[in-house]
Amino acid sequence: MNYIAPVDETKFWLNEVLNAKRLFSGSNFHGFKNEDLNLVLSEAAKITSESIYPLNQKSDQIPAKLENGVCRTTPGFKNAYELLIQGGWAGISGSPKYGGMGLPSTVTSCFNEYFGSACLSFSLLFLMNQGQIDALENHASEHIKKIFLPKLNSGEWTGTMNLTEPQAGSDVGALTTRAEKYNDECFLITGQKIYISWGEHDLSSNICHLVLARLPGSPKGSKGVSLFIVPKYIQNEEDEWLLENNVKAISLEKKMGMHGSPTAVIEYRQSKGWLVGEENAGLHAMFTMMNNARLGVGIEGLSQCELATQKALEFAKTRKQGYAKIDNGKGVILDHPDVRRMLITMKALSAAVRALCLDAALSLDLSKSNDKQVASKENVRASFLIPIAKAFSTDIGCRVADIGIQVHGGMGYVEETGVAQVLRDVRVTAIYEGTNGIQAIDLIGRKLSDNGKAADGLIDEIKITLGECYDNADQQIKDMGKRLSRSLECLEISLRWMLKQEDFNERLSGATPFLKAFGLILGANYLVKAAIKASSSDRKSLAHFYCLNILPEMEAYGLMSQSGKDSLYDFSDKFFGFS
């Protein structure tokens, strides 16, 4: 099977539903036109489909290996990397001031989807790079920017982020990596970090690590964490970046999937690093990179939805098994109602996730508008959408990949088809950059701290769609409006329940179902809007299928979100095996 980047689908959502032309009139991207978008999408589709996808199964079968301190990546990655950096893709969203292409996050998200579908483990290298560039642009001194950003944008160097330690996972404030002042310019970093994606490899001449560490006398917890950029190589006496900086990859993790992406344990022994941002304000700077990465991880979930769907559809169109008593049957398993239900579910969920991620990216771009009113509104909107985009999209990525295996039947359980790899690869996306449970906690915590104002803004958008349904002459669209209205009423009840809880544990108990409910109804809203705007009967049929077969799940999650803490804590210690 060949992967074909869904360029027409991307254009439809951007142009027909999400009103992406707002980007072209915005002051930050006024030089970027629709024809530029079409060109970038076309080139991204070509390079990922033709040059990257052939490496996908190879990356699964021939993982990165650490030999004598050198990480050897999957054969073929080196040539593909050179091809990508020659095209400027490493700095796709970096500022032109420092050698980047300066493209909107929305366009970068499209590239990330295509790249992720083509080879998820390889694409993660570029996602890490994009996040580091964003963090440095927003928080580093001009001196640091001039040194690192041109190299990162060109792809000569690559970037990572280092948060996790053996005793400090999601609780970043528990980290123990130390930073000591060396001179007026730099610090010495000592400690160990784990789960560092692309922390060691043989593709670039230098690897730059953004490292969270603690200065002497700093406050306890997350308030005492600072951020440093620590390159693998520093300058020698001839000002060449060739001198080893005591940054060592001790080992690579043996993982369930993403075998082509080297996940390293990194040890720092008085390694020279430079402060990024203010002392003890490292999390603020790191969250810039993490916010960027969370949207990117949501896109990774989308990418595997698309890949799984393409594989399943190709198989279902050619696999002959049994006979379905239908008119105009093709004699393949696609004729069977249950197989058809699975495939339409995959396509409907993939469309919902694509719209959600692109919508979040658009708001993120518009939040940088010079129009302060627009910027403020879109910043709030983007902040609310990103935890949903990350968690919902990766949960759906796992679900669609699993359905893809089922469509293949016994062949889905055989590595030869490559569909098992999709599920193994996508599974980690629900874990990293903050587990999906943490995204849900963020949603019902910080994102509802405005007493639900941001949530109400999205609810108002759904109500506009409802009005368009009621005014439409098409009876099927009117029916979708009724179903969407019923679900919206359920969401509003859940939201009000969340807001009135004085015991925060009551909210926490239903955080994940609440996020899923929000994601499901947003998906319905996007598909119904598409059905109203598109001339294609298939768009209407897809939206109607979603409202009949998927949207009812939202009401169940809405009820679950209100179950309360007693449903979780009304158990004895014996139930959990404590004596």
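All values derive from a computational prediction rather than experimental measurement.
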Residue pair Y114, T10: steps toward the side chain to side chain donor-acceptor pair (under 3.5 Å) verdict: CA-CA 10 Å; Y114 301 168; T10 302; 2.7 Å; yes
S261/K255 under side-chain contact (heavy atoms from CB on, under 4.5 Å): CA gap, chis, key distance, verdict: CA-CA 10 Å; S261 168; K255 301 171 295 185; 4.0 Å; yes
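- Between the side chains of K390 and N436, at least one donor N or O sits under 3.5 Å from an acceptor N or O.
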side-chain contact (heavy atoms from CB on, under 4.5 Å) evaluation trace for T394 with E300: CA-CA 7 Å; T394 54; E300 288 186 329; 5.8 Å; no
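- T73 places no side-chain N or O within donor-acceptor distance of the main-chain N or O of D202, the cut-off being under 3.5 Å.
- Between the side chain of N153 and the backbone N or O of Y98, at least one donor-acceptor pair lies under 3.5 Å.
- Other residues, nucleotides and ligands contribute over 12 non-hydrogen atoms within 6.0 Å of the NZ atom of K145.
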Criterion side-chain contact (heavy atoms from CB on, under 4.5 Å) on R214 and V225, from CA distance to verdict: CA-CA 5 Å; R214 194 177 296 282; V225 173; 4.0 Å; yes
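- Scanning all heavy atoms of the two residues, the minimum distance from V247 to S271 falls at CG2-OG, 3.7 Å.
- No donor-acceptor distance shorter than 3.5 angstrom exists from the side chain of S393 to the backbone of G301, with no hydrogens or angles considered.
- In this structure, E82 places its CD atom where more than 12 heavy-atom neighbours from other residues, nucleotides or ligands lie under 6.0 Å away.
- Side chain of K193 to backbone of L163: a donor-acceptor contact under 3.5 angstrom is found.
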Please table the atom pairs, donor to acceptor, closer than 3.5 Å between any side-chain atom in residues 350-363 and protein atoms at least two apart or in another chain.
unit_1	atom_1	unit_2	atom_2	d
S350	OG	T309	OG1	3.4
S350	OG	M346	O	2.7
R354	NE	E113	OE1	3.3
R354	NH2	E113	OE2	2.7
R354	NH2	E306	OE1	2.9
D359	OD1	R381	NH1	3.0
D359	OD1	R381	NH2	3.3
D359	OD2	R381	NH2	2.8
D359	OD2	Y526	OH	2.7
S363	OG	E378	OE1	2.6
S363	OG	R381	NH1	2.8

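- Listed for the S51 side chain is no donor-acceptor partner under 3.5 Å among the backbone atoms of T48.
- Shortest non-hydrogen contact noted between E200 and L66 is CG-CD1, 4.3 Å.
- What you find for I405 and Y413 is that their closest heavy atoms are CG2-N, 4.4 Å.
- Nearest heavy atom pair, residue L124 against residue M258, reads CD2-CE, 3.7 Å.
- Residue E244 places its CD atom among 12 or fewer non-hydrogen atoms of other residues, nucleotides or ligands, all under 6.0 Å distant.
- Around atom OH of Y432, more than 12 heavy atoms belonging to other residues, nucleotides or ligands sit under 6.0 Å away.
- Although no hydrogens or angles enter the test, the distance criterion places no donor-acceptor pair under 3.5 Å between the side chain of Y233 and the main chain of E240.
- Looking only at atom types and distance, the side chain of N129 has no donor-acceptor partner in the side chain of T158 under 3.5 Å away.
- Looking at N162 and Y268, their side chains do bring a donor and an acceptor atom within 3.5 Å of each other.
- Residues E415 and R424 are paired through a salt bridge, judged by an N-O separation under 4.0 Å between the basic side chain and the carboxylate.
- Among residues two or more places apart in sequence or in another chain, the ring pair (Phe, Tyr, Trp, His ring centres under 6.0 Å) test is passed with F187 by F228.
- With sequence neighbours left out, R340 forms a salt bridge (Lys or Arg N to Asp or Glu O under 4.0 Å) with no residue at all.
- Between F122 and F126, the ring planes are perpendicular. Angles over 60° get that label, and only those under 30° would be called parallel.
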L125 vs Y81, side-chain contact (heavy atoms from CB on, under 4.5 Å): CA-CA, chis, key distance, verdict: CA-CA 10 Å; L125 172 61; Y81 184 75; 3.7 Å; yes
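- Atom NZ of K78 is surrounded by more than 12 heavy atoms from other residues, nucleotides or ligands within 6.0 Å.
- The backbone N or O of L120 sits less than 3.5 Å from a side-chain atom of S123, completing a donor-acceptor pair.
- In this structure, K347 places its NZ atom where only 12 or fewer heavy-atom neighbours from other residues, nucleotides or ligands lie under 6.0 Å away.
- Checked by atom type and distance alone, the side chain of N245 pairs as donor or acceptor with a backbone atom of P231 at under 3.5 Å.
- With hydrogens and angles disregarded, no donor-acceptor distance shorter than 3.5 Å links the side chain of Q406 to the backbone of G412.
- Heavy atoms of other residues, nucleotides or ligands lying less than 6.0 angstrom from CG of L243 number more than 12.
- For the pair E165 (side chain) and T177 (backbone), a donor-acceptor distance under 3.5 Å is present.
- Salt bridge annotation for K516-E553: absent, with no cationic side-chain nitrogen under 4.0 angstrom from a carboxylate oxygen.
- Considering every non-hydrogen atom in both I266 and H209, the closest pair reads CD1-CE1, 4.4 Å.
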Test log, rule salt bridge (Lys or Arg N to Asp or Glu O under 4.0 Å), inputs E433 and R294: CA-CA 6 Å; E433 305 312 332; R294 283 173 177 174; 5.8 Å; no
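- Between F111 and W89, the angle of the ring planes stays under 30°, which puts this pair in the parallel group of the 30/60° scheme.
- For D425 and Q304, the side-chain atoms include no donor-acceptor pair closer than 3.5 Å.
- Shown here for I229 and C208, the closest heavy-atom pair between the two residues is CD1-CB, 4.1 Å.
- Around the CD atom of E67, the shell of radius 6.0 Å holds more than 12 heavy atoms that belong to other residues, nucleotides or ligands.
- Taking the charged nitrogens against the carboxylate oxygens, R399 and D402 have no contact shorter than 4.0 Å, which rules out a salt bridge.
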